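The block underneath contains the structure these notes are about, expressed in structure tokens.
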Amino acid sequence: MESPEACSSGEASPVAAAERPSEAAALRALVDRVRAGEVDAAREVRRLTRASARHRRKLAAAVEPLVAMLRAAAPGAGEAALLALLNLAVRDERNKTKIVDAGALEPLLGYLQSSDLNLQEYATAALLTLSASSTNKPIISASGAIPLLVKVLKEGNPQAKNDAVMALYNLSTITDNLQAILAVQPIPPLIELLKGGKRSSKTADKCCALLESLLAFDQCRVALTSEEGGVLTIVEVLEEGSLQGREHAVGALLTMCESDRSKYRDLILNEGAIPGLLELTVHGTPKSRMKAHVLLDLLRNSPYSRSRLQPDTLENIVTNIASQIDGEDRGGKAKKMLAEMVKVSMEQSLRHLQRRASFA
């Protein structure tokens, strides 16, 4: 047992001091084994870095030999190296850039085109992780990854499709990439992915975020409205999605309506967007509420200019819209939602008055 003096002095115990050099030596030996092309060593790097940020830092020296192994033809070497690199990149910005600088993109793009769907999935996950780095985004964009990611979105296994859309979203934050994404016709697989999954999933969030950006272009708007159930699928996210997904869904519909109100107004109305928009004006994020108000105004017969839009016009907007929707059910649902909005608004106002009274 250590003496109190040893503990209070801040000095390392003899055991701890012995362990640290021993561990460092073991990790250096492991990196040397990776350099020698040992597949089992790559698997050990993967194991150690799976849940340890400390090992990700200490094994950063393994990045270059792992990238070399990524190109190797030895059985299992590419997969082992790929999975080790993937773990090294997770939550480590320095390793993300180091992996790209070491030349990993070329073999990764090769794996994206592999007939082995597992390898394709792992490569897609790696590109998703690497594309989270702002430093890497322009390099990945210039590498030719975008068409291959859209191809995975169309043809990959379910997990690869999810990771592909998230990687494409990361790359779409560079505005110049939007046209490159559109050029390879991503709308049909994006809508298919939305239709086949949960409206409240992270994948749905990223699909709608990507669509919101792409819908700034007429080419995307034409593709979306040509796709069976395209606009309806966005409306369903508006109604059933997460807070973030609903924010992007209303943004997507608003972008369409603002681009050409006369062309898209009736289409959005006929897909039943009103109940979801009404709910967003009360329960959405601040951005969602603002966008929902503006879109509701645009869906009127004669919209106000934005400078004239006042908070107390919402009831008139809803009444105007509800009177134009075909079918009693839709109009009834819209009016029911308005009643709920008024109730919530009154409750919020009452709480506000009570708070003010308590400070009086």
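Given the structure is predicted, the values throughout are model-derived calculations rather than measurements. We're numbering straight along the sequence, starting at 1.
The two residues A89 and I99 come nearest to each other via the heavy atoms CB-CD1, 3.7 Å. In this structure, T281 and A292 approach most closely via the heavy-atom pair CG2-CB, 3.7 Å. What you find for A42 and A84 is that their closest heavy atoms are O-CB, 3.5 Å. In terms of heavy-atom proximity, L171 sits nearest to S131 at CD2-CB, 4.1 Å. Across A41 and R33, no two heavy atoms sit closer than the pair CB-CB, 3.6 Å. Contact between L70 and A104 at its shortest, heavy atoms only, is CD2-O, 4.1 Å.
Remark: R43 pairs with D40 by the side chain to side chain donor-acceptor pair (under 3.5 Å) rule, at least two apart or across chains. Residues that satisfy the side chain to side chain donor-acceptor pair (under 3.5 Å) test with R46, not counting sequence neighbours, are absent from this structure. Take R71 and apply the salt bridge (Lys or Arg N to Asp or Glu O under 4.0 Å) test, not counting sequence neighbours, and it matches no residue. Residues forming a salt bridge (Lys or Arg N to Asp or Glu O under 4.0 Å) with E227 (at least two apart in sequence, or on another chain): none.
Distance alone, capped at 3.5 Å, places no donor-acceptor pair between the D92 side chain and the L88 backbone. Between the side chain of D205 and the backbone N or O of G245 there is at least one donor-acceptor pair closer than 3.5 Å. Between the side chain of N136 and the backbone N or O of K96, at least one donor-acceptor pair lies under 3.5 Å. Of the possible donor and acceptor atoms, none in the side chain of S133 sits under 3.5 Å from a partner among the backbone N and O of L130. The main-chain N or O of K287 is never found under 3.5 Å from a side-chain atom of E247 such that the two would form a donor-acceptor pair. Using modelled atom types, no side-chain atom of R265 and backbone atom of K263 make a donor-acceptor pair closer than 3.5 Å. Judged by distance alone, with hydrogens and angles left aside, the side-chain atoms of E271 form no donor-acceptor pair with the main-chain N or O of L267 at under 3.5 Å.
How far CG of L278 is from CD of E239: 10.5 Å, rounded to the nearest 0.5 Å. One distance of note links NZ of K154 with CG of L190; it measures 10.0 Å at 0.5 Å rounding. One distance of note links OG1 of T173 with CG of L210; it measures 10.5 Å at 0.5 Å rounding. Of the inter-residue distances, the one linking R56 atom CZ with N87 atom CG reads 7.0 Å to the nearest 0.5 angstrom. For the atom pair OG1 of T225 and CD1 of I187, the computed distance is 10.5 Å after rounding to the nearest 0.5 Å. One finds the OG1 atom of T49 at 9.5 Å from the CD atom of E44 (value rounded to the nearest 0.5 Å).
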Side-chain donor-acceptor pairs of residues 249-257 under 3.5 Å, sequence neighbours excluded:
residue: T255; atom: OG1; partner: G251; partner atom: O; Å: 2.8

Acceptor/donor pairs from residues 140-151 side chains to any protein atom, 3.5 angstrom cut, sequence neighbours excluded:
residue: S141; atom: OG; partner: K137; partner atom: O; Å: 2.7
residue: S141; atom: OG; partner: N177; partner atom: ND2; Å: 2.7
residue: S143; atom: OG; partner: I140; partner atom: O; Å: 2.6
residue: S143; atom: OG; partner: A145; partner atom: N; Å: 3.4
residue: K151; atom: NZ; partner: E155; partner atom: OE1; Å: 3.0

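Under the 4.5 Å side-chain heavy-atom criterion for ILVMFWY residues, a single connected hydrophobic cluster contains both Y111 and L105. Transitive grouping of hydrophobic side chains (ILVMFWY, heavy atoms separated by less than 4.5 Å) keeps V63 and V90 in distinct clusters. Side-chain heavy atoms closer than 4.5 Å link hydrophobic residues (I, L, V, M, F, W, Y) into clusters, and following such links, even through other members, never connects M290 to L238. Residues V39 and L86 do not share a hydrophobic cluster, clusters being chains of Ile/Leu/Val/Met/Phe/Trp/Tyr side chains in contact below 4.5 Å. In the hydrophobic clustering of ILVMFWY residues, with side-chain heavy atoms under 4.5 Å counting as a link, V184 and M166 come out together.
No more than 12 heavy atoms of other residues, nucleotides or ligands lie within 6.0 Å of CD in E64, so this atom counts as exposed by the packing criterion. The number of heavy atoms from other shown groups lying within 6.0 Å of CD (Q159) is above 12. Heavy atoms of other residues, nucleotides or ligands lying less than 6.0 angstrom from OH of Y169 number 12 at most. More than 12 heavy-atom neighbours from other residues, nucleotides or ligands sit within 6.0 angstrom of CD on E93.
Between P189 and I191 the shortest side-chain heavy-atom distance does not fall below 4.5 Å. A heavy-atom distance below 4.5 Å is found between the side chains of L48 and L27. Under the 4.5 Å side-chain criterion, counting only non-hydrogen atoms from C-beta, L182 is not in contact with L178. Side-chain contact between L298 and I268: absent, with no pair of heavy atoms (C-beta onward) separated by less than 4.5 Å.
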Original post:
Does the pair D101 and K98 meet the rule for a salt bridge (charged side-chain N to carboxylate O under 4.0 Å, His left out), with working shown?
Top reply: CA-CA 5 Å; D101 289 345; K98 188 167 186 173; over 6 Å; no

Subject >> Audit row: L224, L214, side-chain contact (heavy atoms from CB on, under 4.5 Å) steps and yes/no >> reply: CA-CA 10 Å; L224 179 67; L214 294 173; over 6 Å; no

**OP:** Starting from the C-alpha separation in whole Å, work towards a yes-or-no answer on side-chain contact (heavy atoms from CB on, under 4.5 Å) for L127 and L109.
**Re:** CA-CA 9 Å; L127 281 172; L109 296 187; 4.1 Å; yes

Subject >> Audit row: L83, E79, side-chain contact (heavy atoms from CB on, under 4.5 Å) steps and yes/no >> reply: CA-CA 6 Å; L83 292 171; E79 179 177 333; 4.0 Å; yes

Original post:
Which is it for C208 and L194 under the side-chain contact (heavy atoms from CB on, under 4.5 Å) test, yes or no, and what are the steps along the way?
Top reply: CA-CA 9 Å; C208 283; L194 273 176; 4.2 Å; yes

Original post:
Does the side-chain hydrogen bond (donor to acceptor under 3.5 Å, both in side chains) test come out yes or no for D163 and T124, once each step is laid out?
Top reply: CA-CA 6 Å; D163 289 345; T124 307; over 6 Å; no

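Salt-bridge check for R221 with D218: passed, with a basic side-chain N closer than 4.0 Å to an acidic carboxylate O. Between R54 and E23, at least one side-chain N (NZ, or NE/NH1/NH2) sits under 4.0 Å from a carboxylate O, which counts as a salt bridge. Between K195 and E192, no side-chain nitrogen of the basic residue sits less than 4.0 Å from a carboxylate oxygen of the acidic one, so the salt-bridge criterion is not met.
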